[in-house]
> 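Here you go, one structure.
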Protein chains: 2
Amino acid sequence: MEQQRKTEDLLKQRLKEKGLKVTHQRILVLTVLEQNSGMHMTAEDIYELVSQDYPDIGLATVYRTLQLLWDMQLVDRINLDDGCVRYEIGHLLRGDAQHNHHHLICRKCNKVIPFTDDLLDDLEHHIEEVTGFHVLDHELKFYGFCRDCMEKEN
Amino acid sequence: MEQQRKTEDLLKQRLKEKGLKVTHQRILVLTVLEQNSGMHMTAEDIYELVSQDYPDIGLATVYRTLQLLWDMQLVDRINLDDGCVRYEIGHLLRGDAQHNHHHLICRKCNKVIPFTDDLLDDLEHHIEEVTGFHVLDHELKFYGFCRDCMEKEN
DNA sequence: GTCTCTGCAAACCATTTGCAGAGTC
DNA sequence: GACTCTGCAAATGGTTTGCAGAGAC
């Protein structure tokens with residue numbers, strides 16, 4: 001609850017800085033993402049949850065809002081190669097200590113296994129020094145075969 | 001040329017192992033990818049290049065072939081978030097020493113900058129030990145602002 | 001000859017867009 | 001009141017699929 005108020009205030013602040021309006025739809029989308037931290041939600045998932053509180057919202061608005069929140073660095077985008085983009089609350093806003101989490105994707109059963117590791121912080125600093133590219137976020141996926149599929153065959 | 005023959009032979013071998021047919025289309029798609037090593041090609045790009053040698057090929061065949069080559073681990077898949085999946089010759093087949101290359105994606109101008117680094121080899125071994133997940137490949141993207149965009153403003 | 005593969009065209013489906021009315025400030 | 005924002009429905013566009021004929025073995 002405490003955290004949620006902080007996130008909402010940050011959203012309002014960023015919107016005002018850019019001369020944009022604070023709307024129920026924008027607050028609700030961000031709130032749903034915060035309440036489902038770590039969930040990898042599609043636009044459709046978010047649409048359905050927000051609809052429970054606000055049945056009139058349109059799917060197009062959810063898409064537009066997610067784009068906006070991503071531009072403002074309030075949400076993270078993940079692509080697990082299943083045909084739709086997924087979203088979660090931005091890593092800068094997450095309450096838990098799980099700063100970096102990556103994904104292991106099984107090529108046989110398509111299972112997605114999260115994996116936590118902070119190794120990339122050093123690499124981010126190195127990149128900034130060498131290239132002048134300012135890193136905000138990263139996405140790391142490993143492809144292979146999960147333990148279950150390895151045991152079954154192949 | 002030498003390398004190209006090896007790649008073609010490997011394709012034929014893998015196809016035969018699975019009881020699949022060796023066709024001109026399959027050989028041509030893989031050859032185009034090998035001749036454009038490091039290029040991040042879309043299915044459409046590949047279709048147009050293969051069409052020069054084999055005008056009757058259909059786009060659907062290119063898609064089906066890329067899926068097949070990916071299953072056989074002969075090509076790598078990259079998603080640069082521009083709405084289409086990109087392909088390149090598999091890292092196991094690449095002639096150059098550039099084993100791991102990652103991408104820096106600018107959030108403002110959408111420029112993509114390649115960056116070479118082998119740091120992830122250790123992490124792959126670590127993952128296999130801890131989780132039993134057998135890693136074949138990985139995809140790493142960094143999001144942020146490139147030097148040019150940083151200098152201009154923001 | 002059998003079975004897979006291919007080209008074509010149509011279908012699919014996540015995402016985007018145009019527009020007129022509603023909401024924010 | 002001026003401007004942005006929203007919902008709706010239609011459009012978009014990369015990718016997939018059904019099918020009948022062609023090709024590989």
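Please read all numbers here as calculations on a predicted model, not as lab measurements. Reminder, nothing fancy here: chain letters follow the sequence lines and each chain counts from 1.
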> Which listed nucleotide (D/dG7, C/dT6, D/dT4) is nearest to the side chain of B/Gln25?
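Nearest listed nucleotide: C/dT6.
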> What's the CG-C1' distance between B/Asp56 and C/dC5, to the nearest Å?
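Distance check: B/Asp56 CG to C/dC5 C1' gives 14 Å.
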> Rounding to an integer number of Å, can you tell me how far B/Arg64 CZ sits from D/dG14 P?
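Computing the B/Arg64:CZ to D/dG14:P distance gives 18 Å.
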> More than 12 non-hydrogen atoms from neighbouring residues, nucleotides or ligands closer than 6.0 Å to NZ on A/Lys111, yes or no?
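Yes, because the 6.0 Å sphere around NZ of A/Lys111 holds more than 12 heavy atoms from other groups.
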> Main chain of A/Thr31, side chain of A/Glu8: is a donor-acceptor contact present, judged purely on distance under 3.5 Å?
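Looks like no, no N/O pair under 3.5 Å.
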> Does B/Arg14 use its side chain to pair, donor to acceptor, with the backbone of B/Met72 at less than 3.5 Å?
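It does hold such a pair.
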> With heavy atoms under 4.0 Å as the rule, sort B/Tyr54 into base, sugar-phosphate or nothing.
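Sugar-phosphate, no base atom in range.
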> Could you state the CG-P distance from A/Leu15 to D/dC5, rounded to the nearest angstrom?
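Checked: the CG to P distance equals 8 Å.
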> Can you tell me the distance, in whole Å, between the CG atom of B/Leu28 and the C1' atom of C/dT6?
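To the nearest whole Å, that distance equals 14 Å.
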> Could you work out which one of D/dG7, D/dG18, C/dT4 sits closest to the side chain of A/Ile57?
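Of D/dG7, D/dG18, C/dT4, D/dG7 is nearest to the side chain of A/Ile57.
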> Using atom CG of A/Asn79 as one end and atom P of D/dT15 as the other, report the distance to the nearest whole Å.
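Checked: the CG to P distance equals 11 Å.
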> Give a yes or no on whether a donor-acceptor pair under 3.5 Å exists between the nucleobase atoms of C/dT24, that is its base, and the side chain of A/Lys21.
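For A/Lys21, whose side chain was compared with the base of C/dT24, there is a donor-acceptor pair (under 3.5 Å).
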> Does the gap between the ring centers of A/His101 and A/His91 come in under 6.0 Å?
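Not under 6.0 Å, so no.
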> If you pin A/His24 and B/Cys84 to their nearest nucleotides in DNA chain D, which one's is more 5'?
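Nearest nucleotide further toward 5': that of A/His24.
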> Looking across every strand, which nucleic acid part, if any, lies under 4.0 Å from A/Arg26 by heavy atom: base, sugar-phosphate, or nothing?
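Sugar-phosphate contact only - A/Arg26 comes under 4.0 Å of backbone atoms but never of a base.
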> Specify the separation, in whole Å, of atom CD1 of A/Ile46 and atom P of C/dT15.
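In whole Å, C/dT15 P and A/Ile46 CD1 are 10 Å from each other.
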> Would you mind classifying the nucleic acid contact of A/Glu44 as base, sugar-phosphate or nothing, using non-hydrogen atoms under 4.0 angstrom?
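No contact.
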> A/Asp82 has an atom CG; how far is it from atom C1' of D/dT15, in whole Å?
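Nearest whole value for this atom pair: 14 Å.
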> Using heavy-atom distances to pick each residue's nearest nucleotide on DNA chain C, tell me which of B/Gly19 and B/Tyr47 is more 5'.
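Its nucleotide being nearer the 5' end, the pick is B/Gly19.
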> So which one's nearest nucleotide on DNA chain D is more toward 5', A/Thr23 or B/Tyr63?
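Between the two, 5'-proximity favours A/Thr23.
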> In the structure I gave you, are the side-chain heavy atoms of B/Arg26 and B/Lys12 within less than 4.5 Å of one another anywhere?
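SC-SC contact between B/Arg26 and B/Lys12 ruled out.
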> I need the CG-P distance between A/Leu68 and D/dC5, as an integer number of Å.
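Rounded to the whole Å, the gap is 8 Å.
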